[in-house]
Amino acid sequence: MGLGAYIAVSAILFTLGLVTIAARRNILYVLFGIEMILNAANINFVAFNRFNGDGMDGRMFAIFVIILAAAEAAVALAIVLNVYQLFSTTKPSDVDLLRE
Amino acid sequence: MENILSVITFIPFIGMLIICCLPKNSVGLIKGVALVATGIPLILATQLYFGYDPMAGADGAYAYVEQIDWITGIGAQYHVGIDGISLPLVWLTSILLFLGVPASFGIQKSQKAYYALLLLLEVGVFGVFISLDYFLFYVFWEIMLLPMYFLIGIWGGPRREYAAIKFFLYTLAGSVLLLIAVIALRLQMTDIAPETPFSIPAMVAAASEGLLTGASLPNGGLLLGMEFSTWAFWFLFIGFAIKVPVFPFHTWLPDAHVQAPTPISVILAGILLKLGGYGMMRACFPIMPVAFYENAYILAILGVISIVYGSFVALGQTDFKRMVAYSSVSHMGYVLLGVGAMTVWGAEGAAMQMFAHGTSSAAMFMVVGVIYDRAHHRDLNGFGGLSQPMPVYWGLTTICFFAGLGLPTMSGFIAEALTLVGAFQSDDIRFQALVLISIIGVVITAAFLLWAIQRVFLGTLNEKYKDYPDMNFREIFCMVPLLILCIVFGIFPNLILDVMHPSLDHLVTLLTAGGN
Amino acid sequence: MDLTFHPETDFKLLLAVPLIPLCGYIIQIFLGRFLPRKGDWVVTTGMFATMCITVYMFAKALNHQMGGGGHGGEHEAETAVLSFFHESKDIGFSWNWLYNAPEILQSPELAAKMQNLTVGLLYDGLGSAMLAVVGIVSFFVHLFSMGYMKGDHRYHIFFANISLFTVAMLSLILSDNILFLFIFWEVMGLMSYLLIGHFSHDPKSHRITHAAAACKKAFLTTRIGDCCLLIGFMMFFYNYGTFGFHELWAFTTEDVAANGWQAWHHTAGLFLFGGTVGKSAQFPLHIWLPDAMEGPTPVSAMIHAATMVAAGVFLLGRVYPMLSPEVLTVVTATGALTAIFAATIGMTVYDIKGVLAYSTISQLGFMVAAIGTGGLGLVAGLFHMVTHAFFKACLFLSAGSVIHGCHHEQDMRKMGGLRRKMPITFICMLVCTLAIAGMPMFSGFYSKDKIVQSTMMANELAPSWATAFAGLALPLAASLTAFYMFRLIIMTFFGKPKDQHVHDHAHESPLPMTIALTALAFLGMFGGQFWLANMDIMGSHATWFETLVGYDAHHGLSVFEGMYPGITLQNTYLGVESAAALTKVGADAHHSALILSLTVAGLGILVAFMAYQWKVRAFSPEKFTSTIAPIYRTVLNKYYIDEFVNKTFIRLSMVVAYVFKWFDETIIDGIVNTVGRLNRILGTIMAWFDKTFVDGLVNLVGALSNGFGAALRLIQTGRIQQYVSFAVAGGLATVAWLLLF
C-alpha cells in the first residue's frame, strides 16, 4: 500500500469534514467536522512520516494535534453551551453576531 | 525744497492717517484737518508752479527729481519728477481737491470715512502725475481707483451701486490692459537692458533708439499679424482711453457723474479724466512712437467722434448733470485730436484743454450741485426763470457755460483754437477734414449750453422756485476761483503755455520721429 | 493842437480807447449797484473820454490825409503816397501773447520752430473812421439809455454790458491780426447775447420768453458764421503761417501774382465771407436780427449801427485783398439778394422796430454787394457803413423815444399824429429817414449814390451775373427803402391818432434822450459830405471818407495804396488798361448813378405819400395787398425762412441728438450691459458646472466608497459557515489559478 492510499483517505476525510463544517446546521456537527479535518491532517502527518521521514517528527506532531484537538473541543463545547444558553439554538446560521 | 514733490504727495496721506485716528463725531476737527491737508499742497503746488523754470522741462528733462531704489528685484524705483506737462495738472489737482473739501461740507453721511477717502484719492492722483517709474505709476493708478469707487458707491445717489460698479469695472478693465502692457514692457526692458530701471524716461530713450519693438521675442514679436509695440500701444491706449473717456468707452461717465455727490463729480470731471489724457502723453505715446505715428489718425477720428457725438448726445439730454457729463466727453475729444495731429500747437491745445476743461467743467458740476441742493431734481425742463431769485447764480453760471463753449477770453477758447488750428496745420489732409467735422461740435456745444441756460434761468419764473436763496458764501467760494482761472488763462495764455511749451515741443519731436 | 500822428504816444492813447470802458465795466459790474444813480455816470463818462480820444485821433488821420497830398490828385504821379497806416509792431509796441517767458523766447532751438502770436494795434484810415463812429454812437447810446432805461431792475448791469459791448467793437477795430479780431468778434457775440436777453430776467416784461429765445437764436446763428470765419482764417494760416492782416494781404497778393488764384483761396474766401454773413445778417443767416429787437432799444441801436452788424462789413474791408474774384461775385450776389429781399419784408412789417430791423438788413446788403464789386464799391460800402451807423442809430433811438413816449407800444397801427406831441423826435427821425432814403444833403445820399455808381462801374469793367443782378436789385431796393421808411414816418407822426389812449399819454422824451437824438441827427445830416464847407451838395468832390482811406475819385486805383499800403490787389479792376480809362468810366457812372438814385428815392417817397398820407385810391395798400394776396402773405411771413429753418436744421439737429442719445443709451450702454449680463450668465453656468461636475466628482468618490462598502457588507454576514465556504472557494480558486497558469 503506497502513500497515495493514505493521502486519498486523508483527502476524503478532509473533504467530509469540510462539507460537514459548511453544510451541517447543528453546531455540534461543525465541531465534528473540525475534528475530522484535524484527523485528516493527522493521517497525513503519520503517513508522510512513515514513507518520507527518518525520525518521529510526524507522529509527534500528530500526538500534539490530538492534544490540541482535545483542548479545543473542551473550549468549543463550552462556547457551544454558552451559545445555546444565549441564543437557545445550536444552529450556527442563527448566530451572526460577528457581523456587528 | 528738494523733495517737494514727495511732500506734496504725502501730506494728504498724513492727513488721512490723522483723520482715521480722530473720533467719529468730532466733525469740525475732521473738516479742519482735511482743509489743512489739502491746503498745504495747494500752497506748495502754487509756489512750485510760479517758481518753475520753463526750460527745466526742455529736451525731456524733469525737475525736482527724486530717485530711490524700491523693489530691486523688478527694478522698480521711487522715481518722481515733473515737467511742463504734469506741473499744471499737479497744480490743478491741488486746487480742485482743496475746493472739493468746502464743497463737501453739505455731506452728512459718515464724514470721517469720506474725508479720509478724499485725501487718499488726492495721494493717488498726485502720485500718478509725478511718477516717473512705470511700476510706481501703475501702483498710484490703482490707489486712485479704489477711493473713487467707495466715494461714488457710498455717498452717491439712488442708483449709486450700479454706477459705482460700472465705474469700477470699466476702469478695472482698463487697469488690466495697462497691467498686461506694463508686464510685457518690463519683460522687454529686461531683454534689452537688464540693468536699466523700469523708468519712463529710460523707456522713452530706449524707444527713441528703436529698441522697444519686441524684436527679441519669438517670431519677432509678431502676434496675430500685429507687432509687439502695436499690441502694447493699443493696450495702453485703451487703458487710458477708458479714463478720458473716449467714444465708445465713455458710458461709465454719465452714470458715475449723475450718481456721484457734487464734489466727487467735480473731482471726477476736473482731475480723473485728465489722468487718461496725461497717461497717454506720458506713458503711452512717447514709448510707442512708431505705433502712435501709424495710428494717430485713428485716435484723431475717435477724438472727433467724441467731440461731435458727445455734443449731440448732450443736446438730447433732459438731465442737467448728464448733459454736463456728455459735454465732458465732447471736450475731452479735443485732447485726442490735438495730440493726434502731432503739431506743437495741437499738443499744446490738448494739454491746455485738459487744464481748461478741468476748471470749466468742475465749475459746471458745481453749478448743477447748487441747483440740485435746492430743488432735489435735475430735470432741465422743470426749472425756468431762476435768474430772478438767484442773479448771482445766474451770472456765475453764464460765465462758466461760456467758458465751456469756448468763448474767447476764456481758457477753453485758447485750448480749442490751438487744437483746431494746430490740427489743421498738419500736412495730412485727413486731419484737416477732421477739423472741419469737429467744428459741428463747436456749434452744437453752444446750442445745448445756451438752451440749458434758457430753460433753467430765463423766461417765466416757475412759481415753485421763487423763494430760493441765492448762492451762499461757501458755494461762491468754491466756484469763483475756477472761473478766475478760466478768464486769467484765457487772456494771458502765456502763463500756462510758457510752462508747457518746452516739454510739449520735445514730446512732439519724439512723436514725429516715430514716422522716420 | 498838434494833429500829426506820433506812434510812440498815440498808440498808448489808442490802447486807452478800449481800456477806459473796460475799467468802467469792471467798476460797474462789481460796484455799480452801490454807486449813486447805480453808476450809469461812471461808464457814460468813460465813454465820453473814449469818444473824445477817438475823435481826436480821427482828426489826426483826416488831417494827415488832407495835408499829406489830398489835393495832389491832379498830378497822377504823386497820388500814390497817401497812406495813413500804422502798426504798433513797427515801433515794438506789441505783446507776445502765447509765449512770453524770456527763457523760451531766447532759447535758440525753441525759437527756431516757435509759432508765437505777437499782437499789436493797427490804425489806418478805415480803422480811424470806424473807431470814431463807434465812440460817438456808443456815447450817445449811453446818454440815451440814462433816460430810456430808467427804472429797469437791472439798470447797472445793463450799463456794464453795453460798455463791454463797445469795448469789444473798439478792440476789434484796433486788432492787427484776424485771430484777435475773431476773439473780440466772439466777445461781441456774448455781449449781444446778454443784451438781447436783457428782458429775459425781468418778470415785469411781457416779452420775457421771447427775449430768452431771441438771445439764444442770435448767438447760435452768428456762431455758425463765426465757425465759418474760423475755418476761413485757419486755411489762410495753414498756407501762409500768419494771422496778421498786413502779412496776409502781402502773402496772398504775392502768391496770387505768381501762381494765380487757387482753389483753396476760393474756399477759404467763402468761409471768411461766412463770418460776415452771420454777423452782418446776410441771407440766409439774417434770421437773428429781427428777433434781436427783443432787446432794449438802445441795444438795438448799438447792434444795428456801431457794433455787431458793422463788424461783419468791417471784416470784409479787412480781408478784401484775400478774396478772389469768384468769392467777390458771391459776395455781390448775396448782398444784392439780401438788400432786395429784406426791403420787401420791410414794407409789410407793422412793428416800428421791425421796419428798422429789416431796413438794416437791406442796407447791409447794399454794403456787402458794393464791397463785392470791388474798387470804388469797397470804399462806397465801407462809407455806407459809416453813414448808416449815424442815421440808423438815430432812427433806432428815435423809435425808442417814440416807444418810450407811447409807454412801450411798438405797433405803428396804434400810433399816428405824434408829430406835435414829440417834435424833437419827429425832426430827428425825419432827418435820418431822408438820409436813409438817399436824399441829397443828407449823409446817406453820398454813400448810396457811390454804391449805385460802383455797381454801374462794375457792370462796365467786369460784368458778371452778380453785378448785373446787383445793378437791378440795388436801385429797386433803394426805392423800396424810401417807400417803407416814409411809410413808417407817415404812420407814426402824420395823420390822425389811431389809438386815442396811446396818443393822450404820448410825451416828448427827457433831456438826455433828446440830446442824443439831436447829436446823431446832426451827424446823419452832415456825416456824409461836409457840404456846408464846400457847398458840394451833389457830391462831385471826394467825401471825407474817400480822402481818409486815400481814395481819389479821379484816380480810382489809389484806393489800394490808401487802405492796403504796399499791396497790389489781385481782384480789382484787373482789366483796366489805364487810370484815365477808369476815371472816364467812373465819371460816366457818377452822372447816371446820380440821376438814378435821385429818381428811385423820389419815387419811393412819392408812392409812400400817395398810399398812406394822401390816400390816393390807386395806391391803396389794402387793395394792392389783396390783389397779390399769396405773395403778400409769403412776404408778411418773412418768406417762411424761420419756419424752414425750424423744420429743417433745428429739427434735424434734435433728431440727430435724440438718435445719438438713443444709440448711446441703447446700443453702447446696451453692449456694456449685455457684456455684464453675459458675464453673469456665464457665471451662473460656471457655478452650475462647478456644483455639478467638480463637486460631483468629489462626491462621486465618496459615493463610490459608500456603495462599495455597502456591497461588501452584504457578504459580511457574520455566519461562520459562509465564511468557511468563502475561504474554501478562495482556496480552490487560488489552487485553480496556480494550476492553470
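In what follows, every heavy atom counts, from backbone to side chain, and hydrogens, waters and symmetry copies are set aside. Just so we're on the same page: letters track the sequence lines, and every chain starts at 1.
Under a 4.0 Å N-O distance rule, the pair Lys166(B)/Asp669(C) qualifies as a salt bridge.
Sequence neighbours left out, the pairs with a member in residues 446-455 of chain B that pass side-chain hydrogen bond (donor to acceptor under 3.5 Å, both in side chains) are Asn381(B)-Arg455(B), Gln454(B)-Lys216(C).
Considering only heavy-atom pairs separated by less than 4.5 Å from chain B, the leading option among Gly197(C), Gly676(C), Ala211(C), Ala213(C) is Ala213(C).
Contacts between Ile453(B) and chain C at a heavy-atom distance below 4.5 Å involve the side chain alone, from C-beta outward. For Phe199(C), no part sits under 4.5 Å from any heavy atom of chain B, backbone or side chain. Looking at Cys228(C), neither its backbone nor its side chain comes within 4.5 Å of chain B, counting heavy atoms on both sides. Only the side chain of Arg154(C) comes within less than 4.5 Å of a heavy atom of chain B; its backbone N, CA, C and O stay farther away. Residue contact with chain B, scored on non-hydrogen atoms closer than 4.5 Å, involves the backbone and the side chain of Val656(C) alike. Residue contact with chain B, scored on non-hydrogen atoms closer than 4.5 Å, is absent for Phe180(C). Using a 4.5 Å cut-off between heavy atoms, Leu230(C) contacts chain B through its side chain alone, with no backbone atom that close.
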Yes or no on side-chain contact (heavy atoms from CB on, under 4.5 Å) for Leu436(B) and Ile231(C), after CA distance, side-chain angles and deciding distance? CA-CA 7 Å; Leu436(B) 296 188; Ile231(C) 297 172; 3.4 Å; yes
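Looking at heavy atoms from C-beta onward, Val443(B) lies in side-chain contact with Ile224(C) at the 4.5 angstrom threshold.
Put simply, the side chain of Asp498(B) gets close to the backbone of Asn100(C): a donor and an acceptor are under 3.5 Å apart.
Paired with Phe660(C) under the rule ring-ring contact (aromatic ring centres under 6.0 Å, His included), one option of Phe448(B), Tyr326(B), Phe247(B), Phe312(B) passes, and it is Phe312(B).
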Could you list the donor-acceptor pairs under 3.5 angstrom formed between side-chain atoms of residues 395-403 of chain B and any protein atom two or more places apart in sequence or on another chain?
unit_1: Thr397(B); atom_1: OG1; unit_2: Tyr393(B); atom_2: O; d: 2.6
unit_1: Thr398(B); atom_1: OG1; unit_2: Trp394(B); atom_2: O; d: 2.7
unit_1: Thr398(B); atom_1: OG1; unit_2: Trp394(B); atom_2: NE1; d: 3.4

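Of all the heavy atoms in Pro248(B) and Ile668(C), the pair that sits closest is O-CG2, 3.8 Å. The minimum heavy-atom distance linking Gly316(B) with Lys661(C) is given by the pair O-CD, 3.1 Å.
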